[in-house]
Each structure stands twice: as structure tokens, then as C-alpha cells.
Amino acid sequence: LSLYDATVTTRSRHADGQLEIRAWMAATTDALVVQVNDNRAGAATHYVDVEAWRPGVEVITGPDYVLLREKAGEIAWALRISIPGGRVTSRSESPRVVRIATNTRQTEITALYVEAEPEADASARAEQAAESFTKRGISGFRREHCQWWSDFWSKSVLNLHSADGLADYLENLWYIH
């Protein structure tokens, strides 16, 4: 976990290769980005399980995306999960869980969430957000994200103290980052 740029990186070494997953929430938009680099030998299918709070979410599967949408009371929402470069399938695991599968080894999974008034088309807004995200590219959003966090930390102050000195030590580590 890097607090400096709010990124979680997981590396797993195996006898047949390495798997690395890097995830971050874009600081400038409602997008979760998960980057997968899998150089292990063997099967290359990756799964993502998405769980809704309520059962009955509509699921639409396209060639490189899955769209979950619902109109609930005074709000409509859509979650568009894009996985470029591979074939995408989905199936319901339960009334609230959708399992998404892709057959690509190196992929960038982007989950874009939008809300709208019930009469508005949240799906269309999710599609527009995905197009905007694709045009600018993940590397562009990553640069904006890192710049946002750099600006945040440059304006932040931390003051810790404890009798045993541990808090003071942690404060010094924070300023070193």
C-alpha cells in the first residue's frame, strides 16, 4: 500500500511465473482501476465478482465490458466495467453477485460508476464516462491521480507526539515520504 499515491500493489511469485495487481481509485473521477499483469504459465482466465446491495440488478454484457444498472427509488445508477483486449463473459452467481471473466493476461480493468435522476439514462452516462476515460487513457488519468495526491501531501501537515517517542517517529516517516 502506497499512501503517497493511494495505490495498492500485490505481487505473487509462483513456480510458473509472477502475478502483479495494481489498484487505485482515480482522484479526479469516480473510477476504480485495476491493472493485472500475469506472466504465469497455464490458464489465463481472470475473474471479477461484483456484488450489488440489492438483488435484481440488470446485467448487460458487451464484447469488452459488463454494465450493471438499476433504478432504485429516486436514483438510477450504472456501473460499467471495461476490460479491453480480451473476450468478456458474465454470469449470475446469486441474485446479488455477478461473476465477470476475461481471457487476457495483461489487462486494465476500469470500473466507472455514475448516478442520475430516475428519468435520466444512467447507462448512457456510464458509456460517455467510459469513452472519456478511454480517450484520455489510463496513463493520463494515472498522471492526474498522482499529481492530485502530490498536491494533497504538499499542503498537508501532521503533528504527532507520544511519551515513548513512537508517534514522533511515525511523524518523521510521514515527512520523509
Side-chain angles (χ1 to χ4, degrees), residues 1-3 5-116 118 120-134 136-142 145 149:
L1 170 63
S2 169
L3 293 179
D5 62 4
T7 301
V8 176
T9 303
T10 303
R11 290 180 189 90
S12 176
R13 297 184 201 283
H14 303 270
D16 60 345
Q18 180 175 318
L19 172 66
E20 179 177 295
I21 301 170
R22 182 170 77 160
W24 48 281
M25 289 292 298
T28 58
T29 189
D30 290 333
L32 168 66
V33 179
V34 180
Q35 297 167 297
V36 178
N37 183 5
D38 186 355
N39 67 11
R40 298 174 298 166
T45 301
H46 294 102
Y47 299 95
V48 176
D49 285 352
V50 179
E51 184 172 352
W53 286 355
R54 290 184 290 270
V57 172
E58 182 181 2
V59 178
I60 300 166
T61 303
D64 65 350
Y65 70 91
V66 173
L67 179 75
L68 288 81
R69 66 183 180 184
E70 179 185 37
K71 288 185 180 180
E74 296 184 21
I75 193 121
W77 62 265
L79 178 68
R80 188 180 194 278
I81 301 165
S82 301
I83 308 175
R87 191 174 69 83
V88 175
T89 61
S90 68
R91 72 171 190 252
S92 292
E93 294 290 304
S94 75
R96 292 179 29 208
V97 177
V98 175
R99 173 163 285 177
I100 302 165
T102 183
N103 62 347
T104 177
R105 289 192 172 282
Q106 281 75 34
T107 191
E108 294 174 332
I109 302 166
T110 306
L112 294 158
Y113 176 80
V114 296
E115 290 182 353
D121 187 356
S123 300
R125 290 188 58 201
E127 186 65 32
Q128 290 168 351
E131 286 176 21
S132 171
F133 202 89
T134 301
R136 291 170 65 194
I138 288 186
S139 60
F141 274 97
R142 179 71 184 165
H145 170 81
W149 279 104

Rounded distance [0.5 Å steps], CG in L67 versus CD in E58: 7.5 Å
Check against side-chain contact (heavy atoms from CB on, under 4.5 Å), N37 and Q35: CA-CA 7 Å; N37 183 5; Q35 297 167 297; over 6 Å; no
Heavy-atom closest pair (A78 atom, A126 atom, distance to 0.1 Å) is CB-CB, 3.9 Å
How about R142 and T7: does a side-chain donor come under 3.5 Å of a side-chain acceptor? yes
Pair I100-V88, side-chain contact (heavy atoms from CB on, under 4.5 Å): steps then yes or no: CA-CA 7 Å; I100 302 165; V88 175; 3.8 Å; yes
To the nearest 0.5 Å, tell me how far T102 OG1 sits from I81 CD1. 12.0 Å
Working for side-chain contact (heavy atoms from CB on, under 4.5 Å), residues V114 and R80: CA-CA 9 Å; V114 296; R80 188 180 194 278; over 6 Å; no
Scanning both residues in full, the closest heavy-atom pair of L68 with W77 reads O-CZ3, 3.7 Å
Do the side chains of I21 and V34 get nearer than 4.5 Å, heavy atoms only? yes
Looking only at heavy atoms, which two atoms of R87 and N103 are closest? And how far apart? N-OD1, 3.0 Å
Checking the side chain of D16 only, and the main-chain atoms of R40 only, is there a donor and an acceptor separated by less than 3.5 Å? no
Any V98 side-chain heavy atom under 4.5 Å of V57 side chain: no
As an exercise, state the distance from NE2 of H46 to CD1 of I83, rounded to the nearest 0.5 Å. 10.5 Å
How long is the straight-line distance from CD1 of I60 back to OH of Y65, given to the nearest 0.5 Å? 7.0 Å
Tightest non-hydrogen contact, residues R96 and W53, listed as NE-O, 3.7 Å
When every non-hydrogen atom of A27 is compared with those of H145, the smallest separation belongs to N-ND1, 3.1 Å
Could you check whether R91 pairs with E93 (Lys NZ or Arg NE/NH1/NH2 to Asp/Glu carboxylate O, under 4.0 Å)? yes
Are the side chains of T29 and F141 in touch, meaning some heavy atoms are under 4.5 Å apart? yes
Say you draw a straight line from CD of E70 to CG of L79; how long is it, rounded to the nearest 0.5 Å? 12.0 Å
Nearest 0.5 Å, please: how far is CZ in R99 from CD in E51? 12.0 Å
Non-hydrogen atoms of A130 and S82 that approach each other most closely: CB-OG, 4.5 Å
